[in-house]
2 protein chains.
Amino acid sequence: MSEQRPGVELLWGEPKRPSRGPRPGLSLDLIVGEAIAIADAEGVGGVTMPALARRLGAGTMSLYRYVPGKDDLISLMIETATGDAPDLDVAAGWRPAITAWAHATRTILLAHPWMLDVVTSPRVMGPRELGWLEAGLEALAALPLAPMPRFDLTLLVNGYVRGVALEQVHGEEVARQGPFFTPELLTEHGRAADFPRLMEVMETFPFTEAPSAGEDARFAFGLERLLDGIETHLGDTTV
Amino acid sequence: MSEQRPGVELLWGEPKRPSRGPRPGLSLDLIVGEAIAIADAEGVGGVTMPALARRLGAGTMSLYRYVPGKDDLISLMIETATGDAPDLDVAAGWRPAITAWAHATRTILLAHPWMLDVVTSPRVMGPRELGWLEAGLEALAALPLAPMPRFDLTLLVNGYVRGVALEQVHGEEVARQGPFFTPELLTEHGRAADFPRLMEVMETFPFTEAPSAGEDARFAFGLERLLDGIETHLGDTTV
DNA sequence: CCCTACTGCGTATGAGATACGCAGTGAAGC
DNA sequence: GCTTCACTGCGTATCTCATACGCAGTAGGG
């Protein structure tokens, strides 16, 4: 009906099997899987058509027999790495359900940190990714809310998850490459006095290693606070 | 002391003025300002050395007399666009202070949406950006917390702000380029039955325009919830 | 058995980042 | 005032990528 970009078919259409001609030497799954492997290891920056083809033992241009372009490849990577939405036990109540959903989302994002880099741009969402959204809505289905406010809440929680995951991944990356700021830096430039609170923190905890020990706890803590707040609000207004 | 990348000096060092040679035809401020203008208008993707030089009426390679490389340019763009941290009225209490901080952060991010695309990668933070972190810590200074938990809370709120801003910018982008999914798409592919909750939402609110009307409210709402939760938690444990 | 829908992929184009080096410029020092 | 050389602008060249095009080989359908 609409003049959809060709990639939409790859995400939503049936996998078509040609009858004529030579048997394809690669497959979409193979390509996308390898691309994800590269991204997991080196970040999206490492996913280039030549590099990907090399790993697959194919010529660069061969990839274009399977994928219309790199953007579509990225879409497929997201769709695949996202995986199926979790089965939530909605019967147990909205709060455990959305909590499980949030944790599951976080797990995916941390397993494939590059997703945080690419989900930014507007893109076609595939069935799997939409499935997660559906699951989030389902988790909140029991709440006495109109569809749109419920959608808002889902995005709110999703935004929280993404934001904190981004913060963590960023922090880990930074720790890997050396601290992004140190007391020395501030002192050298005579700016230490401008950042007393920060100095205090740095004295307590030098950013020389990833603070991932406490990341899970921080995430869970913040999520609980957010849900507490939502619960309170719902209770207040009985909306 | 450390073998810092040359760009660190640009962010933290004094602007040095050479005495010999011809007067520079451009300036760092000019270049960075123009780069920000491009990014605001077209996104970071539009910021290329040739394009930037063209706008400045200079040769491409001339830019490298002012900036070591593109990465450093991006760092400078962030530092400049970030602006100075707001003066917070800490005396009024931690909650108004951190609320103002969160809103100010959000305002910056929405004014320069490209920042959401680039803050991902680990990079050197400049004094201005650090100033924001300092301000966030200062806002929470009155809370009976150790430095590190206070730092955690600051990052938590920051993560929330970023996440929701990302969600919003993404949504607006999508609205500009056409809806990323429609009831038709689902129906065409016979998948409508798999997404009942989503269909319900789409019937209520077709994603044909940016839902920005309610974005501010949603953000403020979520923030209040998060702070409610924090407040409750602090009250509970009196930590 | 041959036609043609396919496949693999070499080659070419064009964008973009950036190294290198040349030629001009003007304050410092004689 | 003249020379020197720390600087400047920037043309040219190289390298990496994404991707269009087209050729040559392959194999199921008729």
Side-chain angles (χ1 to χ4, degrees), chain A residues 5-7 9-10 13-32 34-35 38-39 42-77 114 117-118 121 123, chain B residues 5-7 9-10 13-32 34-35 38-39 42-77 114 117-118 121 123:
Chain A
R5 292 179 306 184
E9 264 317 298
L10 281 181
E14 320 281 315
K16 57 175 189 299
R17 36 178 18 277
S19 54
R20 300 288 196 83
R23 182 175 312 276
L26 299 173
S27 75
L28 204 50
D29 287 345
L30 203 62
I31 292 173
V32 172
E34 198 63 33
I38 295 175
E42 318 170 26
V44 250
V47 180
T48 69
M49 302 308 261
L52 180 54
R54 207 172 316 123
R55 290 227 197 180
L56 291 163
T60 303
M61 291 313 293
S62 302
L63 300 179
Y64 288 92
R65 290 286 177 203
Y66 301 84
V67 180
K70 194 180 178 180
D71 286 350
D72 301 285
L73 174 62
I74 299 284
S75 289
L76 287 168
M77 288 170 64
W114 50 269
D117 293 330
V118 292
S121 62
R123 62 186 197 294
Chain B
R5 292 180 308 184
E9 264 317 297
L10 282 181
E14 320 283 314
K16 58 174 188 299
R17 34 179 18 278
S19 53
R20 299 290 196 82
R23 183 174 311 274
L26 299 174
S27 76
L28 204 51
D29 287 344
L30 203 62
I31 292 172
V32 172
E34 198 62 33
I38 296 175
E42 319 169 26
V44 250
V47 180
T48 70
M49 302 308 259
L52 180 55
R54 207 172 316 123
R55 290 228 198 179
L56 291 164
T60 303
M61 291 313 291
S62 302
L63 300 179
Y64 288 91
R65 290 285 176 205
Y66 302 84
V67 180
K70 194 179 178 182
D71 287 349
D72 301 286
L73 175 61
I74 299 283
S75 288
L76 287 168
M77 288 170 63
W114 50 269
D117 293 331
V118 292
S121 62
R123 60 185 198 294

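Note: hydrogens, waters and symmetry copies are ignored here, and every other heavy atom, side chains too, is used. Bear in mind that the values here come from a model prediction, so they are computed numbers and not experimental data. In the text below, chain A, chain B and the rest are named by the order of the sequence lines, each starting its count at 1.
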Using atom [atom1] of [X] as one end and atom [atom2] of [N] as the other, report the distance to the nearest whole Å.
X     : N      : atom1 : atom2 : value
A:R65 : D:dT19 : CZ    : C1'   : 13 Å
B:Y64 : C:dT18 : OH    : C1'   : 5 Å
A:M49 : C:dT13 : CE    : P     : 21 Å
B:L52 : C:dA15 : CG    : P     : 18 Å

For DNA chain D, what residues of residues 53-63 of chain A have any heavy atom nearer than 4.0 Å?
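Heavy-atom contacts with DNA chain D come from A:T60, A:M61.
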If you look at every heavy atom in [X] and [Y], which pair is closest and at what distance?
X     : Y     : answer
A:Y66 : A:G25 : OH-N, 3.3 Å
B:A35 : B:L52 : N-CD1, 3.6 Å
A:V67 : A:L10 : CA-CD1, 4.4 Å

Between the CD1 atom in B:I38 and the CH2 atom in B:W114, the distance rounded to the nearest 0.5 Å is 11.5 Å
Test: salt bridge (charged side-chain N to carboxylate O under 4.0 Å, His left out). Region: residues 21-30 of chain A. Which pairs qualify, not counting sequence neighbours?
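Listed by first then second residue: nothing to list.
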| If only side-chain N and O atoms of A:Y66 are considered, is one of them under 4.0 Å from the OP1 or OP2 phosphate oxygen of C:dG8? | yes
Next item on the list: Could you list the residues that satisfy salt bridge (Lys or Arg N to Asp or Glu O under 4.0 Å) with B:R55, not counting sequence neighbours?
Entry: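 Applying salt bridge (Lys or Arg N to Asp or Glu O under 4.0 Å) to B:R55 gives B:E34, B:E42.
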Q.
Which residues pass the side-chain contact (heavy atoms from CB on, under 4.5 Å) test with A:T48, not counting sequence neighbours?
A.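 A:T48: side-chain contact (heavy atoms from CB on, under 4.5 Å) contacts with A:P50, A:A51.
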Sorted by chain and number, sequence neighbours left out, side-chain contact (heavy atoms from CB on, under 4.5 Å) with A:M49 holds for A:T60, A:L63, A:Y64, A:K70, A:L73
Give me the distances for all protein-to-nucleotides 26-30 of chain C N/O pairs that come in under 3.5 Å?
| from | atom 1 | to | atom 2 | distance (Å) |
| --- | --- | --- | --- | --- |
| C:dA28 | O4' | B:R20 | NE | 3.4 |

Which of C:dC22, C:dG16, D:dA18 is nearest the side chain of B:T48? It is C:dG16
